[in-house]
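Below is one structure, written out as structure tokens; the observations come after it.
Just the heavy atoms: all of them, side chains too, but no hydrogens, waters or symmetry mates, feed the values below.
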Amino acid sequence: VTYPSKVLMEKQGCYRPPVDLVDLFLELAEKYGMKFFFGTYDSSRWQEEGCFQREFDLERAVIEEVYSTYGHRKAFGGWYVNHEISRKSPEIVKLMTAEGRFCKEVSGGLPVMISPYIDGAKNVSAFVSTLNKSNGASVDVHAKEWDEILSNLQGAVDIMAFQDGHCEFHELVDFMTVNKELA
């Protein structure tokens, strides 16, 4: 963990870090006139076990702990919901929406950012030898699914920083154009 989280040490068995990196990053951000967005917690267990509510309860406790510890800092500028998504996945969209809204509620409306990715032909596992897949989302499918995803995330997310590199290079402009239009 990046800070000495009582919540994560007690509930997840995390070790106390030797340095409070969140404090260090906030100090540096203040020194250089930057804003710091705190990346929320993801146990990854909810995906394996399908326990959305338990994951959200843990994340709520972390968000409250972080904001009560660091929210007064000048550089604390918002939140980064670190669940990554590429396709229409109802449970993760529900989790991200709840988490984003809770971040805003706790912090008086500070902005929330996500960084989704494109499920294109280059979105392959690091554990396979192929460089492409045949079932990646087309630009049209991506547009349709993300229109629905963003409808659900409305009011919970302010900044969308799409990752690139998961589609064929010649498709990147089309995917980014769609993302800009949807946003």
Counting C-beta onward and ignoring hydrogens, is there a side-chain heavy-atom pair between V157 and L150 closer than 4.5 Å?
no

Stepwise, does the side chain to side chain contact (heavy atoms under 4.5 Å, CB included) test hold for D140 with K144?
CA-CA 6 Å; D140 291 337; K144 182 178 184 232; over 6 Å; no

Verify same cluster id: Y15, V7 (apolar side-chain graph, 4.5 Å)
no

Contact check, side chains of L58 and K11, non-hydrogen atoms, under 4.5 Å
yes

Closest non-hydrogen atoms of G100 and V112, given as atom of the first, atom of the second and distance, are O-CG2, 3.7 Å

Pairwise side-chain contact, F102 with E99, heavy-atom cut-off 4.5 Å (strictly under)
no

For a quick test of reading the model, state the closest non-hydrogen atom pair linking A161 to S115 and the distance between them.
O-OG, 2.8 Å

So which heavy atom on E59 is nearest to which on Y41, and how close?
OE2-O, 3.1 Å

On the 0 to 90° scale, with breaks at 30° and 60°, tag the W146-F162 ring pair as parallel, tilted or perpendicular.
perpendicular

State plainly whether one hydrophobic cluster holds both V19 and L8, where clusters connect Ile, Leu, Val, Met, Phe, Trp and Tyr through side-chain heavy atoms under 4.5 angstrom apart.
yes

In Å and rounded to the nearest 0.5 Å, what is the CD to CG distance from E148 to L153?
11.0 Å

Rounded at 0.5 Å granularity, tell me how far OG1 in T97 sits from CG in N152.
5.5 Å

Would you mind listing every salt bridge (charged side-chain N to carboxylate O under 4.0 Å, His left out) that reaches into residues 22-32, with sequence neighbours excluded?
D23-R73, E30-R73

Euclidean distance, L26 CG relative to M34 CE, rounded to 0.5 Å
11.5 Å

Any side-chain heavy atom of V66 sitting closer than 4.5 Å to one from I63?
no

Is the closest side-chain heavy-atom distance between L110 and Y67 below 4.5 Å?
yes

Is it true that F25 and M113 fall in one hydrophobic cluster, defined by side-chain heavy atoms closer than 4.5 Å?
no

Using the rule that two of Ile, Leu, Val, Met, Phe, Trp, Tyr join whenever any of their side-chain heavy atoms come within less than 4.5 Å, decide whether V22 and V1 are in one cluster.
yes

Grab the two heavy atoms, one from E55 and one from D42, that are nearest each other, plus how far apart they are.
OE2-CA, 3.6 Å

Is atom CE of M9 surrounded by more than 12 heavy atoms (other residues, nucleotides or ligands) closer than 6.0 Å?
yes

Find the distance between CG (D147) and CD (E181) and round it off to the nearest 0.5 Å.
11.0 Å

What are the two closest heavy atoms between V106 and E64, and how far apart are they?
CG2-CG, 4.3 Å

Would you compute the distance between atom NZ of K6 and atom OG1 of T69 and round it to the nearest 0.5 angstrom?
8.0 Å

Let me confirm one number: the CH2-OG1 distance from W79 to T40, rounded to the nearest 0.5 Å.
8.5 Å

Of all heavy-atom pairs linking A143 and V178, the shortest is CB-CG1, 3.5 Å

Could you label the plane-to-plane angle of the Y70 and Y3 rings as parallel, tilted or perpendicular, counting under 30° as parallel and over 60° as perpendicular?
perpendicular

When you group the ILVMFWY residues by side-chain heavy-atom contacts below 4.5 Å and let the links chain together, are I159 and I114 in the same group?
no

Close aromatic pair by centroid cut-off 6.0 Å: F37 and F76
no

Side chain to side chain, M176 and L172, heavy atoms closer than 4.5 Å:
yes

